[in-house]
Amino acid sequence: MSDPSEALASAKAAADRIVKVKRLNACLTPISELRKSLVAQASAAHPSGVLYGMPVAVKDNICTLEFTTSCGSKILEGYRSPYEATAVAKLKAAGALIAGKTNCDEFGMGSSTEHSAYGRSLHPFDKTRVPGGSSGGSAALVAAGAVPAALGSETGGSVRQPASLCGVVGIKPTYGRVSRSGLVAFGSSLDQIGVLGRSVHDAARVLSVISGRDPKDSTCEERDSLRLPTVPESLQGFVIGVPKEYFPQDLDPAVRRASDRAIRLLRELGAAVREVSLPHTAYAVATYYIIAPAEASSNLARYDGARYGPRFNGSEDVRALYRTTRGEGFGPEVRRRVLVGTYVLSSGYYDAYYRKAQQMRALIAQDFRNVFDRGVDLLFTPTTPTPAFKAGEKLNDPVAMYLSDIFTVTANLAGLPAISMPIGRIKGLPIGGQLIGQAFLEDEMLEAAYALERAVPAGEEA
Amino acid sequence: MSVTHDEVRRIARLAELDVSDDALPLLAEQMSRILEYVAQINAVPASEAVKPFVPGPDAVRFRPDEVKPWPLAFGPAQLAPAFRDGFFLVPKLGQFEDAGA
């Protein structure tokens, strides 16, 4: 596309499609505002950009100038950021159109998009189920065909898990591949902006544009943008490890069948497949749910009713202002995590929890290094232990909700790139398979994903 | 691992978070469950030999320390609940609680 009239048509068509799927509660931007902005953006977009005219929705915890950034929270209701995320600026520079802000669990804390102050998002194929989370709005919009791609963010699997449940592709890049400038901080040592797309190619194109160095983020590596690989004829020469810890005895039989079929296809494509072990996997969720809340309790200290968003009562003194604003502004899951994070960092508990979790994180990262050092190029696992679950099913049991991240948190803890792609269906509901790559070798990971995507009958029952 | 109501109150004070008395029983129960679950990492023997894992570049890079024009699309007056003459307006600073309170 290089014609301004085509870009304008694309903008209008995207707005129409987003209206059609309004029932999903996946897009938080009011439609009249979205329509107006899309038309303005299409007129201003640069026709030479590689994403010219492509509508890309953006998770509500990524700062945009066009729309409010509420992070799915009451505490930032109506908040308009005075700057935009580097990833968003890069998208616009490439000619993409920012197609509204997508619903998410508050501050990215959740696995179902039920923890949004603006109501839950619905699964695009079954309204009684969740689309996953926390980037559930982005996944649902892409799965419903409203946009070809959307930005999400990951701290423990928040792009890959909803991608798996909604039947789309989700990429979490290596920590440091994409700038975090303008991504509202949750767990700074884990957070990364990721991409959800209809296909590996759509997601990879967007990732390539948003990747690369950024002087505004000191944790972003000094590297050029990701270069996209070509679709390989075969996977001859690839060694793919299958970690046995990701296939426990109680794994949903259909998830196992779909994964086994994908592994067979990887072999047929020419890859050498071997079983490997990541022995500390069993402790990953526990490790994550110490480190992430600890970092969150610190990062979210800035929301106090003085500097951002609305202020809730508390006129008595400044401490009362902080406490009432935070008490009323945060939802139950954020409150819980801030409290757990404060607890594990508090005097007397720090060594037993936080320090120990840091040691575990190092062991988990070492597990991956050991496997990759022995000649394995990539790992294949299921993305989630089950397909999309019912809304409300895990809402009152935080530990059960946390366990839906069991196959995704390890890549975040180790800072590795990973991609989830559809590998089959269970009673009509999609399930995803995951490839985990070596740090900054997204190109290898994408090569294998391209090949698997072409081979796997993703729409068929497993 | 069982978290008491008093512990929840103490942690909530540290976190500057209002927690109503009605919310205490459920919060205490859920925090206890979460802390009991995450405590399983203590089953693995501590190893001081493992080098801490820090993702991202090995060395923190610094930008030149130079004064540049305000890079924002608009100033804090438009994003803060109350802002005047370059200051965020808040109620008076309260009496800080005693350490044991």
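In the text below, chain A, chain B and the rest are named by the order of the sequence lines, each starting its count at 1.
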A.B. asks: Mind checking whether B:Y37 and A:L403 have side chains closer than 4.5 Å, heavy atoms only?
C.D. replies: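 A side-chain contact under 4.5 Å exists here.
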
A.B. asks: Drop me the distance from B:F53's CZ to A:Q359's CD, to the nearest 0.5 angstrom.
C.D. replies: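 Rounded to the nearest 0.5 Å, the CZ-CD separation comes to 15.5 Å.
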
A.B. asks: Can you say whether A:Y288 sits under 4.5 Å from chain B via the side chain, the backbone, both, or neither, judging by heavy atoms?
C.D. replies: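 Contact with chain B involves no heavy atom of A:Y288 at all.
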
A.B. asks: Check each atom of B:L27 against the heavy atoms of chain A and say whether the ones under 4.5 Å are side chain, backbone, both or neither.
C.D. replies: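 The side chain, not the backbone.
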
A.B. asks: What are the two closest heavy atoms between B:I41 and A:Y353, and how far apart are they?
C.D. replies: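 B:I41 and A:Y353 have their closest heavy atoms at CD1-O, 4.0 Å.
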
A.B. asks: I'd like to know whether B:V38 forms a side chain to side chain contact (heavy atoms under 4.5 Å, CB included) with A:V340, so could you lay out the CA-CA distance, the side-chain angles of the two residues, the decisive distance to 0.1 Å, and finally the verdict.
C.D. replies: CA-CA 11 Å; B:V38 300; A:V340 168; 6.0 Å; no

A.B. asks: If you look at every heavy atom in A:P82 and B:L79, which pair is closest and at what distance?
C.D. replies: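 Nearest heavy atoms, A:P82 then B:L79: CG-CD2, 3.5 Å.
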
A.B. asks: Could you tell me whether the side chain of B:D18 reaches within less than 4.5 Å of the side chain of A:T325, counting heavy atoms only?
C.D. replies: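 A side-chain contact is absent here, since even the closest heavy-atom pair is not under 4.5 Å.
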
A.B. asks: Using non-hydrogen atoms only, which part of A:A301 is less than 4.5 Å away from chain B: side chain, backbone, both, or neither?
C.D. replies: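 For A:A301, no heavy atom lies under 4.5 Å from chain B.
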
A.B. asks: Which atoms of A:L65 are under 4.5 Å from chain B, going by heavy atoms: the side chain, the backbone, both sets, or neither?
C.D. replies: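 The answer is the side chain of A:L65.
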
A.B. asks: Side chains of B:E7 and A:Y343, heavy atoms from C-beta outward: is any pair under 4.5 Å?
C.D. replies: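 Side-chain contact under 4.5 Å: yes.
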
A.B. asks: A:V338 and B:A15: which non-hydrogen atoms are nearest, and at how many Å?
C.D. replies: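 Where A:V338 meets B:A15 most closely, the heavy atoms are CG1-CB, 3.8 Å.
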
A.B. asks: How about A:R323 and B:R13: do any of their side-chain heavy atoms sit closer than 4.5 Å?
C.D. replies: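 A side-chain contact under 4.5 Å exists here.
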
A.B. asks: With chain B as the partner, which of A:S297, A:P310, A:C220, A:G415 has the greatest number of non-hydrogen pairs under 4.5 Å?
C.D. replies: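 Among A:S297, A:P310, A:C220, A:G415, the one with the most close pairs to chain B is A:C220.
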
A.B. asks: Hey, which of A:R361, A:R307, A:R335 has the most heavy atom pairs under 4.5 Å with chain B?
C.D. replies: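 Greatest number of close heavy-atom pairs with chain B: A:R307.
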
A.B. asks: If I measure from the heavy atoms of chain B, does A:L363 come under 4.5 Å with its side chain, its backbone, both, or neither?
C.D. replies: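 It is both, since atoms from each part get that close.
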
A.B. asks: State plainly whether the residues B:E16 and A:R326 are in salt-bridge range, i.e. N to O under 4.0 Å.
C.D. replies: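 Salt bridge flag = no for A:R326 with B:E16.
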
A.B. asks: Which atoms form the tightest heavy-atom contact between A:S346 and B:L14, and what is the distance?
C.D. replies: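 That closest heavy-atom pairing would be CB-CD1, 4.3 Å.
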
A.B. asks: With a 4.5 Å cut-off on side-chain heavy atoms, are B:P52 and A:Q358 touching?
C.D. replies: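 A:Q358 vs B:P52: side chains apart.
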
A.B. asks: Please classify the contact between A:T324 and chain B as side chain, backbone, both or neither, with a heavy-atom cut-off of under 4.5 Å.
C.D. replies: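 Both parts, backbone and side chain.
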
A.B. asks: Any residues in residues 175-193 of chain A near chain B, with a heavy-atom distance under 4.5 Å, and which are they?
C.D. replies: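 Interface residues of residues 175-193 of chain A: A:Y175, A:S189.
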
A.B. asks: Taking the side chain as everything from C-beta on, heavy atoms only, tell me whether B:F74 gets closer than 4.5 Å to A:R80.
C.D. replies: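 The answer is yes, as the side chains (C-beta and beyond) meet within the 4.5 Å cut-off.
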
A.B. asks: Under a 4.5 Å heavy-atom cut-off, does chain B meet the side chain of A:D304, its backbone, both or neither?
C.D. replies: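 Neither; nothing under 4.5 Å.
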
A.B. asks: Quick one, B:M31 and A:L339 - any side-chain contact, counting heavy atoms below 4.5 Å?
C.D. replies: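 Yes, at least one pair of side-chain atoms sits under 4.5 Å.
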
A.B. asks: Quick one: do A:D397 and B:R33 satisfy side chain to side chain contact (heavy atoms under 4.5 Å, CB included)? Show the steps, please.
C.D. replies: CA-CA 9 Å; A:D397 185 351; B:R33 283 208 57 212; 2.5 Å; yes

A.B. asks: What part of A:D217 gets closer than 4.5 Å to chain B, counting heavy atoms only: side chain, backbone, both or neither?
C.D. replies: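 Answer is backbone: N, CA, C or O of A:D217 sit under 4.5 Å from chain B.
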
A.B. asks: Which pair of heavy atoms, one from B:Q40 and one from A:Y283, lies closest together, and at what distance?
C.D. replies: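 Closest pair (atom of B:Q40, atom of A:Y283, distance): O-CE2, 3.6 Å.
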
A.B. asks: Flag the one option from B:A80, B:P57, B:G56 with the top tally of heavy-atom pairs under 4.5 Å to chain A.
C.D. replies: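 Greatest number of close heavy-atom pairs with chain A: B:P57.
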
A.B. asks: Please rank A:A320, A:A439, A:G309 by heavy-atom pairs under 4.5 Å with chain B and give me the top one.
C.D. replies: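 Of A:A320, A:A439, A:G309, A:G309 has the most heavy-atom pairs under 4.5 Å with chain B.
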
A.B. asks: For A:L76, is it the side chain, the backbone, both, or neither that has a heavy atom closer than 4.5 Å to a heavy atom of chain B?
C.D. replies: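 Neither; nothing under 4.5 Å.
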
A.B. asks: Which answer fits A:E222, side chain, backbone, both or neither, if we ask what part of it has an atom under 4.5 Å from a heavy atom of chain B?
C.D. replies: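 Contact with chain B: backbone and side chain both.
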
A.B. asks: With a 4.5 angstrom heavy-atom cut-off, could you sort out which part of A:A306 is near chain B: side chain, backbone, both or neither?
C.D. replies: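 Both backbone and side chain.
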
A.B. asks: Could you give the distance from CZ (A:R311) to CG (B:L89), rounded to the nearest 0.5 Å?
C.D. replies: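 Spacing of CZ (A:R311) from CG (B:L89) equals 7.0 Å.
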
A.B. asks: Indicate yes or no for a side-chain donor-acceptor contact from A:K356 to the backbone of B:A39 under 3.5 Å, with no hydrogens or angles considered.
C.D. replies: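 Not a single qualifying donor-acceptor pair exists.
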
A.B. asks: B:K92 and A:V318: side chain to side chain contact (heavy atoms under 4.5 Å, CB included), yes or no, with the steps?
C.D. replies: CA-CA 6 Å; B:K92 68 181 170 63; A:V318 75; over 6 Å; no

A.B. asks: Counting only non-hydrogen atoms closer than 4.5 Å, does B:P45 touch chain A with its backbone (N, CA, C, O), its side chain (CB onward), both, or neither?
C.D. replies: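 Just its backbone gets close to chain A.
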
A.B. asks: Relative to chain B, which segment of A:L413 carries a heavy atom at a distance below 4.5 Å: side chain, backbone, both, or neither?
C.D. replies: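 Backbone only.
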
